[in-house]
Amino acid sequence: MSALILAEVLAARRRISGVATLGTPLVPSPFLGALSGGDFLLKLEIAQATGAFKLRGAANAVLGLPQDATGVTCCSTGNHGRAVAYAAARRGLKAVICMSRLVPEAKVAGIRALGAEARILGESQDEAQIESRRLADEDGFCEIPPFDDPRVIAGQGTIGLELMEERPDLETLLVPLSGGGLAGGIAATVKQIKPSVRIIGVTMDRGAAMYQSVKAGRPVPVTEVASLADSLGGGIGGENRHSFALCQRYLDDIVLVTEDEIYRAMQVHYFEDRLVCEGAGAVGAAALVAGKLGRDLGPTASIVTGRNVDMNVFTDIVSGRDVALGDVTLEGKPYAA
Ligand SMILES: *Cc1c(COP(=O)(O)O)cnc(C)c1O
């Protein structure tokens, strides 16, 4: 899939309509709009039943499986696994979700609550990937990759359709970026509808796999470290076939944000927008608040991708307390506008 065909995204939208929530709210943020100097809108994918946009892509893949499929498997940093578990349960399929030890307990619990088996292996997304591949090769499971898959990418692209239908005047999109299924799907869709929209991938500065890969011109491995944006962790796969090419071709820029900036952005979304979101969902706001986007953004939308944050960590952040991240401590600071 070098170019995502709009027809595939439209077909995905029809397929997933009973499982994923379509037309999630697009709400203005007056506070962030004052900073950006124009309309600043939040696309609330936190409204999905599983708390993150990944249900769109996972539902498209799972609902498209042949009738005789019996089980599904995937590797995940948490939200994709929850989405696959949810879609599989709706189709009556067994699901085995493979994750590394870096995945927060709240996310693992959410997956088990859906009746799926959660398998925890190793310290990285790559090790989880080996197990899901083995289940597919040896035990007949259908593998649903978290981002490098045309069905998943087309599902995430439905967000792009909704944005362009609701606000054709949008000029800038801020898209949280990890494996690039979301950014690739949205960018490929939006650029076919309105090529002048600027699409900026935003990710954390530590272990930014897609950023490093686009810079190098080929997929490069990165070391995974703990981050407030845990959903953005992991590599893009050495044999990436789809999402890397889409990001390389369609993203106008990739902006990196620090852990302190993500911390602050989660406070901003909470105190100013009254939103609970996870670190990965706050990176668009983080880039704006940190002054990393420049001027003249025009009407802008930031995809608030998920809300599956450990609530103890979340209350620490909104209370301005320190947060432990692996072996480092992120110094807290009470919110003041
Ligand atoms: C997976 C995820 C992302 C990144 O999506 P990719 O397709 O891997 O780039 C962003 N935010 C949240 C909350 C996620 O779960």
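Counting starts at 1 for both ligands and their atoms, following the listed order.
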Asker: For Ala128, does its backbone N or O pair with a side-chain atom of Ser100 as donor and acceptor, under 3.5 Å?
Answerer: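 Not a single qualifying donor-acceptor pair exists.
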Asker: Is there a polar contact between ligand 1 and Glu278, counting only N or O atoms under 3.5 Å apart?
Answerer: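 No, since none of the N or O atoms of Glu278 sits under 3.5 Å from an N or O of ligand 1.
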Asker: When you measure from atom 11 (N) of ligand 1 to every protein heavy atom, which one gives the shortest distance, and what is it?
Answerer: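 Protein heavy atom at minimum distance: Thr305 OG1, 2.7 Å.
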Asker: At less than 4.0 angstrom from any non-hydrogen atom of Gly306, what atoms of ligand 1 do you find?
Answerer: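 Per the distance check, 13 (C).
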Asker: Can you check which of Leu232, Asn308, Ile186 brings a heavy atom nearest to atom 10 (C) of ligand 1?
Answerer: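 Selected option, by shortest heavy-atom distance: Leu232.
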Asker: N/O of Pro176 under 3.5 Å from N/O of ligand 1, yes or no?
Answerer: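 It does not: no N or O of Pro176 is found under 3.5 Å from an N or O of ligand 1.
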Asker: If you measure from the Lys or Arg side-chain nitrogens to the Asp or Glu carboxylate oxygens, is any gap between Asp39 and Arg167 under 4.0 Å?
Answerer: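 Looking at Arg167 together with Asp39, the answer is yes, because their closest N to O distance falls below 4.0 Å.
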Asker: Less than 6.0 Å separating the ring centroids of Phe314 and Tyr270?
Answerer: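 Ring-ring flag for Phe314/Tyr270: true, centres closer than 6.0 Å.
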Asker: Check each atom of ligand 1 against the heavy atoms of Asn79 and keep those under 4.0 Å away; list them by number with element.
Answerer: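 Every atom of ligand 1 under 4.0 Å from some heavy atom of Asn79: 13 (C), 14 (C), 15 (O).
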Asker: Quick one: pull up CG in Leu35 and OG1 in Thr300 and give me the separation to the nearest 0.5 Å.
Answerer: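 Reported to 0.5 Å precision, the distance equals 11.5 Å.
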Asker: To which protein heavy atom is atom 5 (O) of ligand 1 closest, and what is the distance rounded to 0.1 Å?
Answerer: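 In this structure, atom 5 (O) of ligand 1 has Phe53 CZ, 3.5 Å as its nearest protein heavy atom.
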Asker: Around atom NZ of Lys215, are there more than 12 heavy atoms of other residues, nucleotides or ligands at under 6.0 Å?
Answerer: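 Result for NZ/Lys215: open.
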Asker: When you check the gap from the basic side-chain N to the acidic O, do Lys54 and Glu45 get nearer than 4.0 Å?
Answerer: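 Glu45 and Lys54: not salt-bridged.
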Asker: Determine the sole option in Glu239, Glu143, Glu127 for which the salt bridge (Lys or Arg N to Asp or Glu O under 4.0 Å) test with Arg133 is passed.
Answerer: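 That would be Glu143; it is the only one of Glu239, Glu143, Glu127 passing the salt bridge (Lys or Arg N to Asp or Glu O under 4.0 Å) with Arg133.
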Asker: Below 3.5 Å, N or O to N or O, backbone or side chain included: is there any such pair between Gly179 and ligand 1?
Answerer: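 It does: an N or O of Gly179 is found under 3.5 Å from an N or O of ligand 1.
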Asker: What part of Ala52, side chain from CB on, backbone N/CA/C/O, both or neither, has a heavy atom under 4.0 Å from ligand 1?
Answerer: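 Neither; no heavy atom under 4.0 Å.
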Asker: Is Gly181 in polar range of ligand 1, meaning some N or O pair under 3.5 Å apart?
Answerer: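 Yes - when backbone and side-chain N and O of Gly181 are compared with those of ligand 1, one distance drops under 3.5 Å.
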Asker: Does Gly180 come within less than 4.0 angstrom of ligand 1, counting non-hydrogen atoms of the residue?
Answerer: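 Judged by the 4.0 Å heavy-atom criterion, Gly180 does count as contacting ligand 1.
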Asker: Please write down residue, atom name and distance for the protein heavy atom closest to atom 14 (C) of ligand 1.
Answerer: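 That would be Lys54 NZ, 2.8 Å.
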Asker: Can you establish whether the number of heavy atoms outside Asp322 located under 6.0 Å from its atom CG is more than 12?
Answerer: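 More than 12 within 6.0 Å, yes.
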Asker: Pull out every atom of ligand 1 sitting under 4.0 Å from any heavy atom of Ala280, numbered as shown with elements.
Answerer: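 Reading through ligand 1 atom by atom, the close ones are 11 (N), 12 (C), 13 (C).
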Asker: Strictly below 4.0 Å, N to O, side chains only: are Arg101 and Glu123 in salt-bridge contact?
Answerer: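 Salt bridge present between Arg101 and Glu123.
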